[in-house]
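Let me begin by presenting the structure, written as structure tokens, before commenting on it.
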Amino acid sequence: MSSSGAMTGLRVIDLTRVLGGPYCTQILADHGADVIKVEPPAGDEVRDWGPPFHEEDAAYFVGINRNKRSIGLDLASEGGRAVLLKMLETADVLIENFKPGTLDKWGIGNDVLRAKFPKLVHCRISGFGADGPRGGNPGYDAIIQAMTGMIAATGSPESGPMRIGVPLVDITTGLYAAIGILMALSERQRSGLGQFLETTLYETGLAIMHPHTANYFMHGKPPGLTGNEHPNLVPYAIFPTKTDDIFIGVGNDGTFRKLAKEIGKPELGTDPRFARNKDRIANRDALRAELAAVFSQHEAEPLCNRLLAAGLPAGPVQKIDQALTNPHTLHRGDIITKDWYKGVASPIRLERTKPSLRRTPPKFSQHTAEVLGEFGFSEGEIDAMVASGAVCGSERKR
């Protein structure tokens, strides 16, 4: 069995901050890539997004920056840009989330990078892209949720439209960026050339609005607020039990008949009001009342265990502490630790090339001397660059 990750040997220069980019590069770093996190003199701003903190770094930063090395560079300075260009000589991937046009302003835009480093894969994450009516505008997760129909489709008639409680757009943009980078690297094996790729929060927001976009293209109606229920499937919702709430999700008529039999109400499976999914949608409230009456007689955990064992989609509605200490979570090794650090393991489980936790999240510019030494800079040169402000020491400029 190989002890190396699937991305071992890949060098990634990471100029990103906040969430989408760091989430992307942590995926690559977990699987062996050498990710050098280049931070501005003020550091990645999410280091301050707390409490809670570990020493001076917020949990928000800690959760998406393991397995990376940090160096602080002032890319607005000629000296800082010179260091970056030196690092790119042996890099496979550059990923950044500057406002479109920023690198061009600094004289290191994509055309320059392409000429200097033809094998480089250059990935940009932006809010809206460089062109179009909103080209160059900044993007924020909740604002994109609002603009792409996500908030309008989330919530109940009682609550009104609601933001999704996790930064889904940012995270998914990071996932798309990782996929795009891997695609470009795969193509490079055939062509010998790198290329520029871009993922935007706006396009991501639109892309993940399934099935609402598909439904709209089909019937021309925007989605209503259905709360926890599914617009296309019934039953697909939360139900109370004697103890806790459970979620039931039924994907087809056969599964519904099996559920009805398992809960001791086989007649529901053949009731003309509920036999087919379109009938269940038309009679949603009546079916909910029937199922709620049954589930109210059971405790959540034993009921879900029995239904899952029968191959039926059911699960208790757990809080985060319950999910992280669940026996299945622990059995699967989903929590990883090193020294003071604790986090959720990579969900990408390859048979031979395992992900690993090699480094805890870095302190600001923690690896400056180490990294620059690898690129051939002498101790004196590093000290001079720190003194000039092109390279940062361990103190952030706040």
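All of these numbers come straight from a predicted model, not from anything done at the bench. Numbers here simply count residues along the sequence, with the first being 1.
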Between [X] (side chain) and [Y] (backbone), is there a donor-acceptor pair under 3.5 Å?
| X | Y | result |
| --- | --- | --- |
| Thr353 | Gly5 | no |
| Thr243 | Glu299 | no |
| Asn97 | Ile125 | no |
| Ser346 | Ile348 | yes |
| Gln145 | Ile164 | yes |
| Asn137 | Gly127 | no |
| Arg352 | Ser4 | no |
| Asp74 | Ala76 | yes |
| Asp92 | Val12 | no |

If you count heavy atoms of other groups shown closer than 6.0 angstrom to [atom1] of [X], is the number above 12?
| X | atom1 | result |
| --- | --- | --- |
| Met162 | CE | no |
| Lys99 | NZ | no |
| Glu370 | CD | yes |
| Phe375 | CZ | yes |
| His331 | NE2 | no |

Cluster question for you: counting only ILVMFWY and a side-chain heavy-atom cut-off of under 4.5 Å, with indirect links fine, are [X] and [Y] together?
| X | Y | answer |
| --- | --- | --- |
| Leu120 | Leu85 | yes |
| Leu206 | Met147 | yes |
| Val93 | Leu84 | no |
| Phe274 | Ile248 | yes |
| Val62 | Ile320 | no |

Any side-chain heavy atom of [X] sitting closer than 4.5 Å to one from [Y]?
| X | Y | value |
| --- | --- | --- |
| Asn110 | Leu103 | no |
| Met183 | Ile179 | yes |
| Cys24 | Ile181 | yes |
| Pro161 | Leu225 | yes |
| Leu73 | Val391 | yes |
| His212 | Met150 | no |
| Ile151 | Arg163 | yes |
| Phe256 | Leu268 | yes |

May I ask you to say whether [X] pairs ionically with [Y], meaning some side-chain N is under 4.0 Å from a carboxylate O?
| X | Y | result |
| --- | --- | --- |
| Arg81 | Glu78 | no |
| Lys86 | Glu381 | no |
| Asp334 | Arg349 | yes |

If I compare all heavy atoms of [X] with all of [Y], which pair ends up nearest, and what's the gap?
| X | Y | value |
| --- | --- | --- |
| Pro167 | Leu19 | CG-CD2, 3.4 Å |
| Val317 | Phe247 | CG2-N, 4.2 Å |
| Pro362 | Phe61 | O-CE2, 3.5 Å |
| Pro223 | Ala153 | CG-CB, 3.7 Å |
| Leu350 | Ala6 | CD1-CB, 3.6 Å |
| Gly180 | Leu197 | O-CD2, 3.6 Å |

I need the [X] [atom1] to [Y] [atom2] distance, nearest 0.5 Å.
| X | Y | atom1 | atom2 | result |
| --- | --- | --- | --- | --- |
| Glu374 | Ile36 | CD | CD1 | 6.5 Å |
| Ile27 | Leu175 | CD1 | CG | 4.5 Å |
| Tyr176 | Ile208 | OH | CD1 | 7.0 Å |
| Asp244 | Ile238 | CG | CD1 | 11.5 Å |
| His298 | Arg306 | NE2 | CZ | 5.5 Å |
| Lys68 | Arg358 | NZ | CZ | 11.5 Å |

cation_pi(Arg124, Phe98) dist<6.0 Å, angle<=45: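 Because its charged atom misses either the 6.0 Å distance or the 45° angle limit, Arg124 does not stack over Phe98.
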Would you tell me whether Gln322 and Asn326 have side-chain atoms, one donor and one acceptor, within less than 3.5 Å of each other?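 No, no side-chain donor-acceptor pair sits under 3.5 Å.
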Listed by chain and number, what are the side chain to side chain contact (heavy atoms under 4.5 Å, CB included) partners of Thr200, not counting sequence neighbours?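 Expected list: Ser126, Glu198, Tyr202, Glu203.
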Please lay out, stage by stage, how Asn283 and Glu290 fare under the test side-chain contact (heavy atoms from CB on, under 4.5 Å). CA-CA 11 Å; Asn283 297 284; Glu290 293 276 3; over 6 Å; no
Take Arg188 and Leu185 through the side-chain contact (heavy atoms from CB on, under 4.5 Å) test and state the conclusion after the steps. CA-CA 5 Å; Arg188 189 179 71 172; Leu185 291 171; 3.8 Å; yes
Candidate pair Phe239 and Val294, rule side-chain contact (heavy atoms from CB on, under 4.5 Å), full reasoning: CA-CA 10 Å; Phe239 293 88; Val294 175; over 6 Å; no
Is there a side-chain contact (heavy atoms from CB on, under 4.5 Å) between Tyr23 and Thr173 once you walk through the steps? CA-CA 9 Å; Tyr23 194 88; Thr173 303; over 6 Å; no
I'd like to check the salt bridge (Lys or Arg N to Asp or Glu O under 4.0 Å) partners of Asp104; sequence neighbours left out, ordered by chain and number.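 Expected list: none.
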Run through Ile108, Leu113, Asp14, Val38 and flag the one making a side-chain contact (heavy atoms from CB on, under 4.5 Å) with Leu94.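 Result: among Ile108, Leu113, Asp14, Val38, Leu113 is the only option passing the side-chain contact (heavy atoms from CB on, under 4.5 Å) with Leu94.
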Got a sec, which pairs hit salt bridge (charged side-chain N to carboxylate O under 4.0 Å, His left out) with one end in residues 17-43, sequence neighbours left out?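 For residues 17-43, and leaving out neighbouring residues, the salt bridge (charged side-chain N to carboxylate O under 4.0 Å, His left out) pairs sorted by first residue read Arg11-Asp34, Arg17-Glu45, Asp30-Arg66, Asp34-Arg69, Lys37-Asp44, Glu39-Arg47.
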